[in-house]
Amino acid sequence: MRCKVCGEKAQVEVRSRGLAFCKAHYLDWFVKETEKAIRRNRMLNPGERVLVAVSGGKDSLALWDVLSRLGYQAVGLHIELGIGEYSKRSLEVTQAFARERGLELLVVDLKEAYGFGVPELASLSGRVACSACGLSKRYIINQVAVEEGFRVVATGHNLDDEAAVLFGNLLNPQEEALSRQGPVLPEKSGLAARVKPFYRFSEREVLSYTLLRGIRYLHEECPNAQGAKSLLYKEALNRVEREMPGAKLRFLEGFLEKIQPRLKAEEEVALRECERCGYPTTGGVCSFCRMWEAVYRRAKKRRLLPEERVFSPKVPVARG
Ligand SMILES: [Zn+2]
Ligand SMILES: [Zn+2]
């Protein structure tokens, strides 16, 4: 196999798109494709400040790298989730990446901020870990973006992630979830815009970029992810992809372009300000504040928190 650009021996085959590249031209292609996705979907303005949610995994570090190379002012945000050694190593890898490249990194430590990391939070909230974690991440990322004056947040979700979410939403059909999914979620008052510049790249394509760029990332997956439904969906889709190259991309894009626009446009839900934190919610108190208030009540009963401790939703941000 030869590189499509220079004819030298190819190092990466992008089977789904019938392309093959040498190392240098793969790296070029990947950056240009990201830029194309950003322009086509109007994700970012040229040179704009963007908050990049970075876990230390291959996708988010590659995204931070590419956005910086494309001239965006990409500031990282890492949330220390308190999931044992996994979270410690995630923070270390992310800090090393930022340090080596002289990039600005913001850090929020869940346990320092609110008293409990994901494992304790899950057991005290009665939610499964991934649900408590996901809710915390979405809320904290948005609050930091708004407080620090970012219009937009970028995340490293790739094609496999997005196709798996779509597949899951079709297996357990919910029209609301289907009409909301997409590579760009526009900003609203108190809500930063959210964009996913890697949504057309498969996990393998992102990994190839990360490896060829020599980016050091955390290989291990979150211990809570084992047995997650999303892994089953990814496996099923990848079995189809193996027999039918391009299936995942056609599935996601076909949905976004042809089916989603025909779904009954959801009545714009009126967002109100949370009575506790002021951030957008559909109810009186947002789910983040409700979760933590319940956790504090239980923690006090079990004497894990002093009686006088009061929940404060304001996120403390550290630099570096
Ligand atoms: Zn080449
Ligand atoms: Zn709230």
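Both counts, for ligands and for their atoms, begin at 1 and track the order of listing.
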If I take the Zn ion (ligand 1) as the centre, what angle separates the SG atom of Cys6 from the SG atom of Cys3? Nearest 10 degrees is fine. 110°

Given the Zn ion (ligand 2) as the apex, I'd like the angle to SG of Cys274 and SG of Cys286, rounded to 10 degrees. 110°

Is the CZ atom of Arg42 crowded by more than 12 outside heavy atoms at less than 6.0 Å? no

Vertex the Zn ion (ligand 2), arms to Cys289 SG and Cys277 SG, rounded to 10°: 110°

Applying salt bridge (charged side-chain N to carboxylate O under 4.0 Å, His left out) to Arg319 and Glu148, what does each step give before you reach the verdict? CA-CA 12 Å; Arg319 273 156 225 270; Glu148 302 281 325; 3.0 Å; yes

Can you tell me which residue among Arg15, Arg200, Arg17 is in a salt bridge (charged side-chain N to carboxylate O under 4.0 Å, His left out) with Glu205? Arg17

By atom name, which N, O or S atom belonging to His25 lies closest to the Zn ion (ligand 1)? ND1

Intermediate values then yes/no, ring-ring contact (aromatic ring centres under 6.0 Å, His included), Tyr209 and Tyr26: CA-CA 8 Å; Tyr209 178 85; Tyr26 181 74; 7.2 Å; no

